[in-house]
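Remarks on the structure that follows.
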Number of protein chains: 2
Amino acid sequence: MQRKNAHALKKEEASPGLHGRLWIDGTEGTFLGYGRIILLERIREHGSITQAAKSMKMAYRHAWELVDSMNRQSSKPLVEAATGGRNGGGARLTKEGARAILLFWELYADFQAYLQRQQKKTRLLLR
Amino acid sequence: MQRKNAHALKKEEASPGLHGRLWIDGTEGTFLGYGRIILLERIREHGSITQAAKSMKMAYRHAWELVDSMNRQSSKPLVEAATGGRNGGGARLTKEGARAILLFWELYADFQAYLQRQQKKTRLLLR
DNA sequence: TTTCGTTATTCCCTCCAGTATATTACGCTA
DNA sequence: TAGCGTAATATACTGGAGGGAATAACGAAA
């Protein structure tokens, strides 16, 4: 962002027209946003914070902080992590985590449609 | 903002619940956003980029870059600036600039109402 | 008890958006 | 012509978000 603070995303390529971003704040700031949801999906897919972070080219440290932040702000943890053991441990999505993903994508899709509807109002201004 | 990224805003205090941001991209990236609209309003109010920037505690250099970026991407300039003269020059909003402010606040208000409507969907998740 | 890959945690570094500062260009007024 | 407050432009600085790397803790399995 635009390394944004609150909502960094790669580039989003800036096509002319209306754009927007959606996120959910909790008691400590950001709770769920686009990037965090992707991270949750990758954790579900790989069963490990390390692998999830690698798959997004994100530093493990950053990924862990995001997971910790989400767990602290959620009514119930979204991710459960275990250290040691068979393969060194791992992380799995809780039922609550899966619900969060579904809810966010629902909001997200609705929002994209909303932006599409509003789009036309901006056309007269741009070069 | 959000270093971010393209849409830094002061803090927005992160109250729990659904939040969002809206902006309009042009050919070179951001064209209009919340901060740029505030800047346009301050220019209209003060008749000078220097004073507008000061009133927002923004560096003149940054303010000037934003104005330049908006003018370059708009079909017609939003701000006209004059150097030298009576009081050293100044800057005034064009008709197009005033239209941009109105349009944006219209989109913004509608968007806030939209967020309000979607708000309830997030309640079950937060602690 | 050794091995292994993960989570958890610490410390340092890098990058860059925005700031700070300085200088020049400008043109009306007196 | 000198003075003024602004626009315009260049250069250097800064703070903080995120990255990189290193280390300890962990616990099942061989």
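First the proteins, then the strands, lettered A, B, ... as listed; each starts at 1.
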[X] [atom1] to [N] [atom2]: how many Å, rounded?
X: A:Lys54; N: D:dG20; atom1: NZ; atom2: P; value: 12 Å
X: B:Arg61; N: C:dT24; atom1: CZ; atom2: P; value: 18 Å
X: A:His62; N: C:dT7; atom1: NE2; atom2: P; value: 16 Å
X: A:Arg72; N: C:dA8; atom1: CZ; atom2: C1'; value: 14 Å
X: A:Lys57; N: D:dG20; atom1: NZ; atom2: C1'; value: 16 Å
X: B:Tyr60; N: D:dA10; atom1: OH; atom2: C1'; value: 13 Å
X: B:Leu66; N: D:dA8; atom1: CG; atom2: P; value: 14 Å
X: B:Ile49; N: D:dT9; atom1: CD1; atom2: P; value: 11 Å

Parallel, tilted or perpendicular: rings of B:Tyr34 and B:Tyr108 (30°, 60°): tilted
Respond yes when some side-chain nitrogen or oxygen of [X] is under 4.0 Å from OP1 or OP2 of [N], and no when none is.
X: A:Trp64; N: C:dA8; value: yes
X: A:Thr50; N: C:dT7; value: yes
X: B:Ser48; N: D:dG5; value: no

Among C:dT7, C:dT19, D:dG19, the one nearest B:Met58 by side-chain distance: C:dT19
If every non-hydrogen atom of [X] is compared with every non-hydrogen atom of [Y], which pair is closest and at what distance?
X: A:Arg36; Y: A:Ser69; result: NH1-OG, 3.0 Å
X: B:Lys121; Y: A:Leu107; result: CD-CD2, 4.0 Å
X: B:Phe111; Y: B:Leu22; result: CB-CD2, 3.7 Å

Whichever of A:Thr83 and A:Glu65 has its nearest DNA chain C nucleotide further upstream toward 5': A:Thr83
First encountered from the 5' end of DNA chain D, between A:Ala63 and B:Gln51: B:Gln51
Whichever of A:Gly84 and A:Ala59 has its nearest DNA chain D nucleotide further upstream toward 5': A:Ala59
No-H, no-angle donor-acceptor pair, A:Arg86 side chain to C:dT6 base, under 3.5 Å: no
Side-chain touch B:Ile37/B:Leu40, heavy atoms, less than 4.5 angstrom: yes
